[in-house]
2 protein chains.
Amino acid sequence: MTATSTKTSPPEPRRRRKNNPESVRADILAVATREFSEKGLSGARIDEIAEQTRASKRMIYYYFSDKETLYLHTLEAAYQKVRLQEAELDLDHLPPLEALSRLVRFTFCHHAKNPDFIRLVMIENIHHGRFLAQSKLIQSLNAGVIDALTNVYLRGVEEGCFREGLDPRELHWLISALSFFNVSNQHTFSRIFDWQQAAPENQRKLEEHVTDMVLRYVRPDEVTPQP
Amino acid sequence: MTATSTKTSPPEPRRRRKNNPESVRADILAVATREFSEKGLSGARIDEIAEQTRASKRMIYYYFSDKETLYLHTLEAAYQKVRLQEAELDLDHLPPLEALSRLVRFTFCHHAKNPDFIRLVMIENIHHGRFLAQSKLIQSLNAGVIDALTNVYLRGVEEGCFREGLDPRELHWLISALSFFNVSNQHTFSRIFDWQQAAPENQRKLEEHVTDMVLRYVRPDEVTPQP
DNA sequence: TTAACAATGTACGAAATGGTACGTTCAGTC
DNA sequence: GACTGAACGTACCATTTCGTACATTGTTAA
């Protein structure tokens, strides 16, 4: 876009460049997120990212030294964003059953609303988690999730509404699996089984199933509660 | 060019081996499977595949016209292989509970033993299932899974060991989700939560959890069946 | 045998792609 | 205003990568 309108306006012919490092950086990161999550690390093109940015390709290498570093920053930013949203969940003031139910629904919906994040995690798994392993940041971010779930679970066991002997980490695994798969495999599943999985009514049904499944799983075995 | 010469064709049209077409084709496909599942469609390199083959790059283009077609054939071959293994499952002679339990365990173990297939499906989802959509073959292959599960489920409902009102397709979705996630997200999950998910004892535990979860899910609600 | 076609090897081209050299402009400090 | 380092633009390079032209060998039918 050569806006050098060399008109006969002597005082102000050219557009002034305004330095704005933070904004440029954020812009690049946003575009990179779109591109990487859409096409993967090897599929995304630096030139393509540059084109969609208000900055130039030179700027990408200026702020992020190379393609892989840019990808790593993208991944970190995505995890950070997720963490921020999760932090808003306040489960401790709810009774265990409701708290767990809410956590499951939140996870399910959150994943569904953030396909970019899911895709980045898929892509990272394709790369054997090699970049995530480099990131101290991400490692530190995710401890909180397990803690929150552990609290809820322990309270539930104490109150007798959850059965004993479950591992919160494994419980989290189950919740994640169902919520993640809902996004990650939507395309193949829909196509193979000719089922519009993304349709709102089906999403609502799946949310119910998933929540129901988790709650039934933690429910105490019936012990014939007759005295 | 099909020589349909209705001349004095002998009753025995014996086919003699040519150079080595079938073997070369199979070799290419095997290497392509490794490469695509490891690096994705855009990450895999035709030259790299050629190098690992006994054939040359020219042969890849001879048998499979271009990269994307080769990828599609890879995907189809992978689904076909899975289908063959699934067909060995014979559930109809088992009581419903055992049949379902066996189906879940089979799915879980099968996925765990075929990471290449899982990765290809992940990659295909990254591509929005665009190639799978082109394949009439794959579409036709996967109907059987639902049928088998439907039979088991209906028998179970009839015998009273499963609750009513569940959709076999959704049940399959749940089983798939848990089994798939176990492979697809192993790297990120292990790294984030510092948990050796691939370790045999953890795999055994997860298999139990997953089976248990599905069985608890289909179990009839307690209706206080007092005599 | 020989024509015809299938199967295969070698070398190369054109475009894409990650990354850089080098110069220019901005903004704060003295 | 002069200086300086950070912020930015343009043009370019070296390599990679998909794909092909062309030559050659094997195989079968007549």
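A note on names: the letters A, B, ... follow the listed sequences, proteins ahead of strands, and every chain is numbered from 1.
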**Student:** Which of these nucleotides, C:dG9, D:dT20, C:dG19, is closest to any side-chain atom of A:Lys57?
**Tutor:**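 Among the listed nucleotides, the one closest to the side chain of A:Lys57 is C:dG19.
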**Student:** Of all the nucleotides listed (D:dA6, C:dT8, C:dG19), which has the minimum atom distance to the side chain of A:Lys67?
**Tutor:**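 Among D:dA6, C:dT8, C:dG19, the one nearest the side chain of A:Lys67 is C:dG19.
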**Student:** Identify, residue by residue, the members of residues 25-53 of chain B with a heavy atom below 4.0 Å from DNA chain C, and return them in order of residue number, or none.
**Tutor:**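 Heavy-atom contacts with DNA chain C come from no residue of residues 25-53 of chain B; none.
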**Student:** With respect to the side chain of B:Met59, which nucleotide from C:dG9, D:dA7, D:dT20 is positioned closest?
**Tutor:**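 Comparing C:dG9, D:dA7, D:dT20 against the side chain of B:Met59, the answer is C:dG9.
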**Student:** Under a 4.0 Å threshold between the charged nitrogen and the carboxylate oxygen, would A:Arg130 count as salt-bridged to A:Glu68?
**Tutor:**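 The answer is yes: the pair qualifies as a salt bridge.
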**Student:** In whole angstrom, give the distance that lies between atom CD of B:Glu68 and atom P of D:dT17.
**Tutor:**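 Answer to the nearest Å: 17 Å.
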**Student:** Between A:Phe131 and A:Leu72, which heavy-atom pair has the shortest distance, and what is it?
**Tutor:**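 Nearest heavy atoms, A:Phe131 then A:Leu72: O-CD1, 3.5 Å.
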**Student:** Is the phosphate of D:dC8, meaning OP1 or OP2, less than 4.0 Å from a side-chain N or O of A:Ser56?
**Tutor:**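 Indeed not, no polar side-chain atom of A:Ser56 lies that close.
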**Student:** Considering only C:dA7, C:dT10, D:dC8, which nucleotide approaches the side chain of B:Arg58 most closely?
**Tutor:**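 Selected nucleotide: C:dT10.
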**Student:** Do the non-hydrogen side-chain atoms of B:Tyr71 and B:Phe36 ever get within less than 4.5 Å of each other?
**Tutor:**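 Yes; the side chains approach each other to less than 4.5 Å.
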**Student:** Hey, does the side chain of B:Tyr61 come within less than 4.0 Å of D:dG19's phosphate (OP1/OP2), counting only N and O?
**Tutor:**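 Yes, because at least one side-chain N or O of B:Tyr61 sits under 4.0 Å from OP1 or OP2 of D:dG19.
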**Student:** Can B:Lys57 and B:Asp47 be counted as an ion pair, charged N to O under 4.0 angstrom?
**Tutor:**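 Judged by the 4.0 Å cut-off on N to carboxylate O distance, B:Lys57 and B:Asp47 do form a salt bridge.
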**Student:** From CG of B:Leu70 over to P of D:dT17, roughly how many Å is that when rounded to an integer?
**Tutor:**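 In whole Å, D:dT17 P and B:Leu70 CG are 16 Å from each other.
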**Student:** Quiz question: by atom type and distance under 3.5 Å, do the side chains of B:Thr150 and B:Asp147 form a donor-acceptor pair?
**Tutor:**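 Their side chains do not contain a donor-acceptor pair, so the 3.5 Å distance test is not met.
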**Student:** Rounded to whole Å, please give me the gap between CD in A:Glu22 and C1' in D:dA6.
**Tutor:**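 In whole Å, D:dA6 C1' and A:Glu22 CD are 13 Å from each other.
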**Student:** What is the separation between atom CG on B:Asp66 and atom P on D:dT20, rounded to the nearest whole Å?
**Tutor:**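 Spelled out: CG on B:Asp66 to P on D:dT20 is 8 Å.
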**Student:** Anything under 30° is parallel, anything over 60° is perpendicular, the rest tilted; go ahead and classify B:Phe189 against B:Phe193.
**Tutor:**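 Answer is tilted, since the angle falls between 30° and 60°.
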**Student:** Is there side-chain contact between B:Met122 and A:Ser184, with heavy atoms separated by less than 4.5 Å?
**Tutor:**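 In short, these two side chains do not touch, never coming nearer than 4.5 Å.
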**Student:** Give a yes/no on whether any side-chain N or O of A:Tyr63 is located under 4.0 angstrom from OP1 or OP2 of D:dA6.
**Tutor:**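 So the side chain of A:Tyr63 is outside the cut-off, no N or O lying under 4.0 Å from OP1 or OP2 of D:dA6.
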